[in-house]
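Taking it in order: structure first as structure tokens, then the write-up.
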Number of protein chains: 2
Amino acid sequence: MIKILVVDDEPQIARALRINLSAHGYEVTTAPDGAQALRAAAGVVPDLVVLDLGLPDMDGTEVITGLRGWTSVPILVLSGRAASAEKIAALDAGADDYVTKPFDIGELLARVRAATRRGNAAGDSPVTEIGGATVNLAVREVKRDGKEVRLTKTEWQLLEVLLRNPGKLVGQRELLHRVWGPNYDRETNYLRQYMAQLRRKLEADPARPVHLLTEPGMGYRFRP
Amino acid sequence: MIKILVVDDEPQIARALRINLSAHGYEVTTAPDGAQALRAAAGVVPDLVVLDLGLPDMDGTEVITGLRGWTSVPILVLSGRAASAEKIAALDAGADDYVTKPFDIGELLARVRAATRRGNAAGDSPVTEIGGATVNLAVREVKRDGKEVRLTKTEWQLLEVLLRNPGKLVGQRELLHRVWGPNYDRETNYLRQYMAQLRRKLEADPARPVHLLTEPGMGYRFRP
DNA sequence: GACCCGGGTGACAGACTTGTCAACGGCGGG
DNA sequence: CCCGCCGTTGACAAGTCTGTCACCCGGGTC
């Protein structure tokens, strides 16, 4: 889910934005001032920041430069001031877009889509490291020492469930259901078989796995 | 030097933009209508397109989708129309920013800076090399040893889906949906048939494909 | 030590998928 | 009308994956 951080000191605007964005499938966090915005961004690492310039504690461009110091997350600025000088300052500070209030909510949503689309296309491919191997779930690719490793469909499905729950113990029953279907409950031999194959292909020392762990009697766990 | 393609049918606006942009160190090309814009973009591969929506030959969004077919170059739209619906349509078609006329030239330049700042994610050419063949998605043309190779409509659609997701595994279900429509789910024989034809026409050794790869049980993948 | 139990490993036959050849019918151009 | 091109379909050998079996290991229990 795409995460958006909304920074606005006016509660009703913040609430309106939260409602509209949530209704369109975004995960919304809000912050009422610049200091909390910077802290929140460092915590959740959003995919987009919607920033109102009229903040009580610091100037809007300071927030922008504060963010730009360590992240290239898209920043969409909202402002009541339509003066060109303001826009130029915000854009040159590192903002990606500038919308003046009052704004049409449909247009804002379209600009949000445009900004997040860029972010995704710009190529953040979530890769996971396992032993000497690199797993890229988005493009279904595993590399080890620069060479490609091929996984079968079943191996991918099993690996995906584990990787999507990093650090969490996934029960045998749940793994069987997710990979083979709801009619499979006790076929733990399938799991042993395919876990062994995954370890052989991914772990540095398949006999002593470090990331794909067995929890005897319960299930398996992926430790990052 | 950053290259900008200005698309505008009004000579005085095009000239004003050219002068202003050139004065700020950009290399400017201009095109007076949509068809020439698409051809010019395929030729010089700009770092930014400034597109006026009021073109004589085709609708503005058509130009946008035409560009988005093969490139993710930033597109900044200029328009006299301030209606939200227009903006939403253009942004959702793939535009990155939308400025209504009359605009402040300083603000436009700031938006140009913002758009080009993040721009340079490389590897964005309209032509793709496959074996001994050269595929130009923009103008729908394949050349091999200097000679033209003809692809049918279905072959183009299939090839396009794969080429637009370089390195990514595309599931057979997804391929069928995108090329034949949502009612096709299990007709994998179509895929086999057309993948074979594409390999015959594009790959150096069709029996041992290097770029158009099969992932058994899952789908196909284009490796650059 | 003998036994049991859950897990890991190698091998293999059957089921499924894939690449390929061949053929059919619709459609437009000459 | 005939012809060539294209999309669709059927059939089948070669190849790949899956489920299953037999067997091993290590730890806990008596």
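When reading the values below, keep in mind they use all heavy atoms of this one structure, side chains included, and skip hydrogens, waters and symmetry mates. Residue numbers begin at 1 in each chain, while the letters A, B, ... track the order of the sequences.
For B/L198 and C/dT18, the CG to P distance is 16 Å, given to the nearest whole Å. The CG-C1' distance, from B/D185 to C/dT17, rounds to 17 Å in whole Å. To the nearest angstrom, C1' of C/dT18 lies 18 Å from CZ of B/R186. At whole-Å resolution of the value, CG in B/N183 and P in D/dT8 are 13 Å apart. Atom pair B/D205:CG and C/dT20:C1' shows a separation of 15 Å (rounding to whole Å applied). In this structure, A/E215 atom CD and C/dG8 atom P are separated by 11 Å, rounded to whole Å. One can place CD of A/Q172 at 14 Å from C1' of C/dG8, the figure rounded to the nearest angstrom.
Applying the side-chain contact (heavy atoms from CB on, under 4.5 Å) criterion to B/P224, with sequence neighbours excluded, gives B/P166, B/F222. Take B/P209 and apply the side-chain contact (heavy atoms from CB on, under 4.5 Å) test, not counting sequence neighbours, and it matches B/R199, B/E203.
Backbone-only contact: B/T214 has heavy atoms under 4.0 Å from sugar-phosphate atoms and none from a base.
Evaluation of the salt bridge (Lys or Arg N to Asp or Glu O under 4.0 Å) test over residues 104-113 of chain A, restricted to residues two or more places apart or in two chains, returns A/D97-A/R111, A/E107-A/R111, A/E107-B/K87, A/R111-B/D97, A/R113-B/D92. Sorted by first and then second residue, the salt bridge (Lys or Arg N to Asp or Glu O under 4.0 Å) pairs involving residues 127-137 of chain A (not counting sequence neighbours) form an empty list. Among residue pairs with one or both ends in residues 53-73 of chain B, those qualifying as salt bridge (Lys or Arg N to Asp or Glu O under 4.0 Å) are B/R68-B/D96; sequence neighbours excluded.
The phosphate of C/dG19 has OP1 or OP2 within less than 4.0 Å of a side-chain N or O from B/R199.
Ring centers of A/W156 and A/Y194: at least 6.0 Å apart, outside the cut-off.
When the nearest nucleotides of DNA chain C are assigned to A/L191 and B/G219 by heavy-atom distance, the more 5′-ward of the two goes with A/L191.
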For this session: Encode nucleotides 12-30 of chain D as B, S and - characters from 5' to 3', where the letter depends on protein heavy atoms closer than 4.0 Å: B to the base, S only to sugar-phosphate, - to neither.
Result: ----SSSSB----------
